[in-house]
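Scroll down for the structure; my scribbles are underneath it.
Here is how names work: the chains are called A, B, and so on, in the same order as the sequence lines, proteins then strands, and each is numbered from 1. These values consider heavy atoms only, across backbone and side chains, with no hydrogens, waters or symmetry-generated copies. Predicted model only: the values in this text are computed from it and were never measured.
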Amino acid sequence: MGDSVDNVPGVPGVGPKTASELIRTFGDLEGVLAAAPDIKKPKLSQSLIEHADNARLSRELVRLVCDRPLPQPLDELALKGLPKEPLQQFLMDQGFRSLLMKLGGEEASAALPARVEDAIPFVHADYETVIAEADLDRWIASAYEAEVVAVDTETDDVDCIRANLVGISLATAPGKACYIPVGHGRGGEDLLTERPEQLPHPLVLAKLKPLLEDPTVLKIGQNLKYDLIMFRRSGIDVTPYDDTMLLSYDLDAGLGGHGMDELAKRHLDHACIEFKDVCGTGKNQVSFDMVPIDRATEYAAEDADVTLRLWQRLKPRLVPEAGNRVYELVDRPLVPVLAEMERAGILVDREELHRLSTQFGEEIIRLEAEVHEAAGGPFTIGSPKQLGEVLFDRLGLAGGRKGKSGVYSTDVNELERLAGEGVAVARLVLDWRQLTKLKSTYTDALQQQINPATDRVHTCFSLAVAQTGRLSSTDPNLQNIPIRSEHGRRIRHAFVAPPGHVLLSADYSQIELRLAAHMADVPQLRAAFAQGQDIHNLTAEELFGVIDRDTRAKAKTINFAILYGISSWGLAGRLGVDRGEAQAIIDRYFDRFPGVKNYMAETINQLREKGFVTTLFGRKTHLPGIKGKTVGERQSAERQAINAPIQGTSADIIKRAMVRIGPALEAAGLDKVRMLLQVHDELVFELPEGDVEAAKPVIERVMAEAAEPHVKLSVPLGIEMGAGRSWGDAH
DNA sequence: GAAGTCACG
DNA sequence: ACGTACGTGACTTCA
């Protein structure tokens with residue numbers, strides 16, 4: 001990366017370094033200063049400000065070194081005012097223990113021990129249940145004193161939009177944790193039939209609010225987005241915060257899951273009390289408000305205790321290992337943004353979905369009869385096993401291929417092949433499959449997902465699932481709403497804006513190919529994007545010398561193959577040519593675009609050496625499969641290694657756009673524009689009709705400039721936008 | 001709970 | 001010899 005601090009005065013032999021590298025070299029900020037006793041302070045400051053990879057770090061360096069008024073911040077700094085105690089909070093946040101001790105005394109840094117004490121056992125009996133007001137006050141005071149507190153909320157539902165608060169747990173030191181019940185025994189049937197003695201819910205929240213919002217106390221959570229939403233619903237804005245799930249994700253993506261139970265096993269060698277041991281499972285499961293309070297305390301306080309201990313293990317690894325970039329710049333600030341998107345939800349036309357369900361249902365019944373007729377008897381069309389036997393055994397069609405479990409493949413490729421050969425039943429099954437898919441997954445299911453209180457659908461975005469840094473969406477998944485087929489597209493038209501409003505969709509045009517052109521440094525591709533040329537036409541021209549429908553389609557397939565980590569077998573299968581021909585095309589591609597070949601070789605080398613690959617923002621994806629037993633496993637890791645930096649950089653960029661879009665809109669006076677959805681390269685907004693023309697340029701600018709200043713791209717990022725009454729109309 | 005299938009980028 | 005692209009989540013059938 002090109003950002004460097006040239007000629008750092010007073011640091012002989014250090015050479016060009018980014019701020020993060022300086023920190024890494026000397027252990028912490030104090031080390032940097034110690035190594036540079038005769039630093040020309042203002043000059044260092046200016047230099048760091050201009051070149052450092054963490055603007056916030058730079059600013060605090062300047063503040064520390066110069067003790068004079070700060071120049072205007074460069075990046076995120078512009079988005080937020082400084083907290084009350086910026087330096088102390090920042091240092092604690094960064095894990096600069098020794099400096100904190102010097103400035104704030106021993107007690108200020110007690111929460112971040114240089115070495116984690118392994119010996120403190122988990123003793124459930126030591127956890128405290130807070131029933132009296134004085135005890136609550138004592139715990140709050142202890143959190144202020146520790147300047148760090150792990151927080152966990154217990155509720156009666158995994159869906160935090162409709163969940164009720166049942167209790168809150170706090171931990172201020174390993175082994176020192178409490179549980180504050182507020183909603184137990186609310187009309188339970190078996191376990192608790194009346195409300196046991198508890199502090200009133202509003203009182204507890206009123207007492208916690210100043211603590212949770214205090215800039216000098218760091219709040220720590222595991223999957224904090226959930227708790228943030230719960231607190232936001234009560235008018236509490238938790239800040240500042242750390243999330244152990246995200247720390248794990250940004251440090252160890254690819255090495256395992258990031259749920260608390262798994263992290264506790266991995267890092268603390270501790271088996272947490274499992275939720276199902278407290279609440280049961282299946283039809284015997286009860287919600288948390290029905291759990292007796294003493295049992296609830298063991299479970300809930302342990303969660304906060306574990307979270308605090310995980311933070312002590314993970315946070316100190318951040319600067320040395322993760323380069324401190326994606327966590328600070330991307331993932332952590334995204335949490336409240338996603339929380340607001342989930343809270344907002346999107347309006348769905350229930351009647352339209354119902355009409356589509358009815359319509360699809362009637363068509364499915366017709367198709368079912370036709371399939372059975374053609375097959376010579378009834379069978380379960382939805383059973384791949386039965387369908388395969390009907391097609392390839394009963395009807396005796398040729399070309400049946402059995403997989404390792406001994407069933408014939410009947411997927412879309414196979415059925416399309418048969419349909420192309422004139423097998424009528426194959427086309428009927430394809431149509432039946434499409435409509436049952438649309439009905440069961442979308443038109444039926446989405447109606448069930450509409451929240452009766454808001455009349456809207458509230459998805460849950462997960463930050464720590466995808467190996468590459470992408471988000472994922474569940475309950476319902478709003479990142480796979482149909483668009484490609486005509487029937488499917490009608491479902492998109494059921495996602496609408498309320499009266500007087502429209503939906504605006506903004507998407508990055510071919511962002512992954514643009515990033516590949518930049519990362520592999522391919523002059524022709526860069527020039528084509530700079531001039532707005534059609535990129536598949538360019539590939540067709542380079543590879544085949546002619547541009548027509550056929551060569552362009554082939555070129556498009558090849559461009560995708562490049563992004564996914566090419567193999568001659570895979571390309572052959574997609575293009576319908578033999579393997580030798582596919583290999584010839586690949587060779588020709590590498591010949592025309594040698595940067596791509598080099599990029600792939602370098603990336604795989606890096607993977608073999610380090611065990612991970614990185615995005616332009618420094619996000620890691622570990623791929624232990626590169627050391628796998630089989631060739632297949634190792635080649636799979638190689639393909640992932642090619643794709644992960646591209647897909648991951650794209651994810652980093654749109655996430656940064658999401659973090660910056662709110663403040664940018666606010667600065668433009670567009671406070672009624674709400675971001676609702678992210679679909680990997682697309683953002684969907686809901687806004688008053690009259691705001692569309694003002695909002696478009698703001699959104700476009702933020703998205704187009706989202707990589708800057710930390711990453712300088714050699715290709716422009718193109719944005720396409722549209723607005724309409726429905727999501728379907730916004731494209 | 002695994003396998004197969006298919007919706008999206 | 002190996003293998004039919006990268007990343008997800010939801011639904012259905014069936015053991």
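Nucleotide C:dA1 is matched to nothing when pairs are restricted to Watson-Crick or G-U wobble geometry with both distances under 3.5 angstrom.
Residue contacts for A:A644: at a heavy-atom cut-off of 4.0 Å it reaches no nucleic acid atom on any strand shown.
In this structure, A:K402 satisfies the cation-pi test against A:Y408, with its NZ or CZ atom closer than 6.0 Å to the six-membered ring centre and inside 45 degrees of the ring normal.
A donor-acceptor contact under 3.5 angstrom links the side chains of A:Y442 and A:N480, judged on distance only.
Side-chain contact between A:L676 and A:L478 is absent, with no heavy-atom pair separated by less than 4.5 Å.
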As a quick check of understanding, evaluate side chain to side chain contact (heavy atoms under 4.5 Å, CB included) for A:L525 and A:I535, giving each step before the final call.
CA-CA 7 Å; A:L525 293 178; A:I535 207 67; 3.7 Å; yes
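When the C1' atom is used for both C:dA5 and B:dA2, the distance is 24 Å, rounded to whole Å.
Candidate nucleotides C:dA5, C:dC14, C:dT8 were compared by shortest atom distance to the side chain of A:S383, and C:dC14 ranks first.
Under 4.0 angstrom from either OP1 or OP2 of C:dA5 there lies no side-chain N or O belonging to A:R639. The phosphate of C:dC14 has OP1 or OP2 within less than 4.0 Å of a side-chain N or O from A:Q386. In this structure, A:S472 reaches the C:dG9 phosphate: one of its side-chain N or O atoms is under 4.0 Å from OP1 or OP2.
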Report, as a single string ordered 5' to 3', how protein heavy atoms within less than 4.0 Å touch nucleotides 4-9 of chain B: B base, S sugar-phosphate only, - not at all.
SSBBBB
